[in-house]
J.: 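Supplied in structure tokens, the structure appears directly below.
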Amino acid sequence: QVHVVESGGGLVQAGGSLRLSCAASGITFSRYGMGWFRQAPGKEREFVAAIGSSGGRTSYADSVKGRFTISRDNARNTVYLQMNSLKPEDTAVYHCAAAFWGGGSSDPLVYNYWGQGTQVTVSS
């Protein structure tokens with residue numbers, strides 16, 4: 001059985017930082033591309049960042065480029081999202097997802113497994 005579990009969300013002031021973690025089990029983690037997506041109230045889900053199976057390739061949405069960093073630790077079956085210089089518009093539920101296609105992708109349809117999400121709230 002596959003489990004994808006996010007943690008690390010919370011309430012932070014604008015300009016602050018948070019680090020999200022996503023632990024996956026039940027899959028050969030080192031073969032999976034991983035991604036972060038977010039969904040704000042009343043808005044559609046949007047791509048945030050993705051990382052290839054080896055960690056050598058990353059991609060970011062323009063809205064977070066230069067502020068967020070995705071990384072992974074295959075020994076711990078965990079992917080991270082370091083979020084700096086947070087803005088109120090970053091407020092959303094952040095979801096982690098795992099894709100059998102190991103390249104990492106901004107397309108949510110590529111992803112096979114999703115977590116329940118963790119709430120990030122940025123106050124102004």
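Along the sequence shown, residues are numbered consecutively beginning with 1.
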J.: Please output the side-chain donor-acceptor pairs of residues 23-34 that fall under 3.5 Å, not counting sequence neighbours, one pair per line with the distance.
T.:
none

J.: Answer yes or no: is there an ion pair linking Lys87 with Asp90, defined by an N-O contact shorter than 4.0 Å?
T.: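 No salt bridge links Lys87 with Asp90.
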
J.: With rounding to the nearest 0.5 angstrom, report the SG to CD distance, Cys96 to Gln116.
T.: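 Answer for the SG-CD pair, Cys96 versus Gln116, is 12.0 Å.
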
J.: Atom CZ in Arg57, atom OG in Ser105: separation rounded to 0.5 Å?
T.: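 Here the interatomic distance stands at 9.0 Å.
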
J.: Out of curiosity, Arg38 CZ to Glu44 CD, how far, rounded to the nearest 0.5 Å?
T.: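 If I round to the nearest 0.5 Å, the distance is 14.0 Å.
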
J.: A side-chain contact here means heavy atoms from C-beta on lying under 4.5 Å apart; do Leu86 and Thr91 qualify?
T.: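 No - every pair of side-chain heavy atoms lies 4.5 Å or more apart.
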
J.: Considering non-hydrogen atoms only, spot the tightest contact between Arg72 and Gly52 and give its length.
T.: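 Looking at all heavy atoms of both residues, the closest pair is NH1-O, 2.9 Å.
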
J.: Hey, does the side chain of Tyr60 reach the backbone of Ile70 with a donor-acceptor pair shorter than 3.5 angstrom?
T.: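 A pair under 3.5 Å: yes.
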
J.: Each residue besides Tyr111 in its hydrophobic cluster should be listed here, by chain and number; the cluster joins Ile, Leu, Val, Met, Phe, Trp and Tyr at side-chain heavy-atom distances under 4.5 Å.
T.: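 Reading the cluster by chain and number, Tyr111 sits alongside Phe37, Phe47, Trp101, Val110, Trp114.
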
J.: Quick check: do Ile51 and Trp36 have side-chain heavy atoms less than 4.5 Å from each other?
T.: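 No, side chains not in contact.
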
J.: Nearest 0.5 Å, what's the CZ-OG distance between Phe68 and Ser85?
T.: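 Interatomic distance, Phe68 CZ to Ser85 OG, rounded to 0.5 Å: 9.0 Å.
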
J.: Evaluate side-chain contact (heavy atoms from CB on, under 4.5 Å) for Cys22 paired with Val4, printing each intermediate quantity in order.
T.: CA-CA 7 Å; Cys22 170; Val4 178; 3.4 Å; yes

J.: When clusters are formed from ILVMFWY side-chain contacts under 4.5 Å, directly or step by step, what else is grouped with Val5?
T.: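 None; Val5 is a cluster of one.
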
J.: Determine the minimum heavy-atom distance between Pro88 and Ser124, stating which atoms define it.
T.: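 Residues Pro88 and Ser124, closest heavy atoms: CG-CB, 3.8 Å.
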
J.: Starting at CG of Leu18, measure out to CE of Met83 and round the result to the nearest 0.5 Å.
T.: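 One finds 4.5 Å between CG of Leu18 and CE of Met83.
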
J.: For Gln82, is there any backbone N or O sitting under 3.5 Å from a side-chain donor or acceptor partner on Arg67?
T.: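 No, because the side chain of Arg67 does not come within donor-acceptor range (under 3.5 Å) of the backbone of Gln82.
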
J.: Is Arg19 positioned over the aromatic face of Tyr80, cation under 6.0 angstrom from the ring centre and no more than 45 degrees off axis?
T.: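 The answer is yes, since Arg19 meets both limits relative to Tyr80.
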
J.: Taking all heavy atoms of Gly117 and all of Val93, pick out the closest pair and write down the distance.
T.: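 What the structure gives for the nearest pair is CA-CG1, 3.8 Å.
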
J.: When rounded to the nearest 0.5 angstrom, what is the spacing between CG in Leu81 and CD in Glu6?
T.: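 Taking CG in Leu81 and CD in Glu6, the distance rounds to 11.0 Å.
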
J.: Which atom names give the shortest non-hydrogen contact between Ser17 and Asn84, and what distance separates them?
T.: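 Nearest pair, atom of Ser17 first, then Asn84: OG-OD1, 2.9 Å.
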
J.: Pair Asp73, Thr78 - check side chain to side chain donor-acceptor pair (under 3.5 Å), show working.
T.: CA-CA 5 Å; Asp73 183 342; Thr78 301; over 6 Å; no

J.: Can any side-chain N or O of Thr118 pair as donor or acceptor with the backbone N or O of Tyr94 at less than 3.5 Å?
T.: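 Not at all, since once roles are kept as given, no pair shorter than 3.5 Å links the two residues.
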
J.: What heavy-atom pair brings Leu11 and Ser123 nearest, and what distance separates the two atoms?
T.: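 Looking at all heavy atoms of both residues, the shortest contact is CD1-CB, 4.3 Å.
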
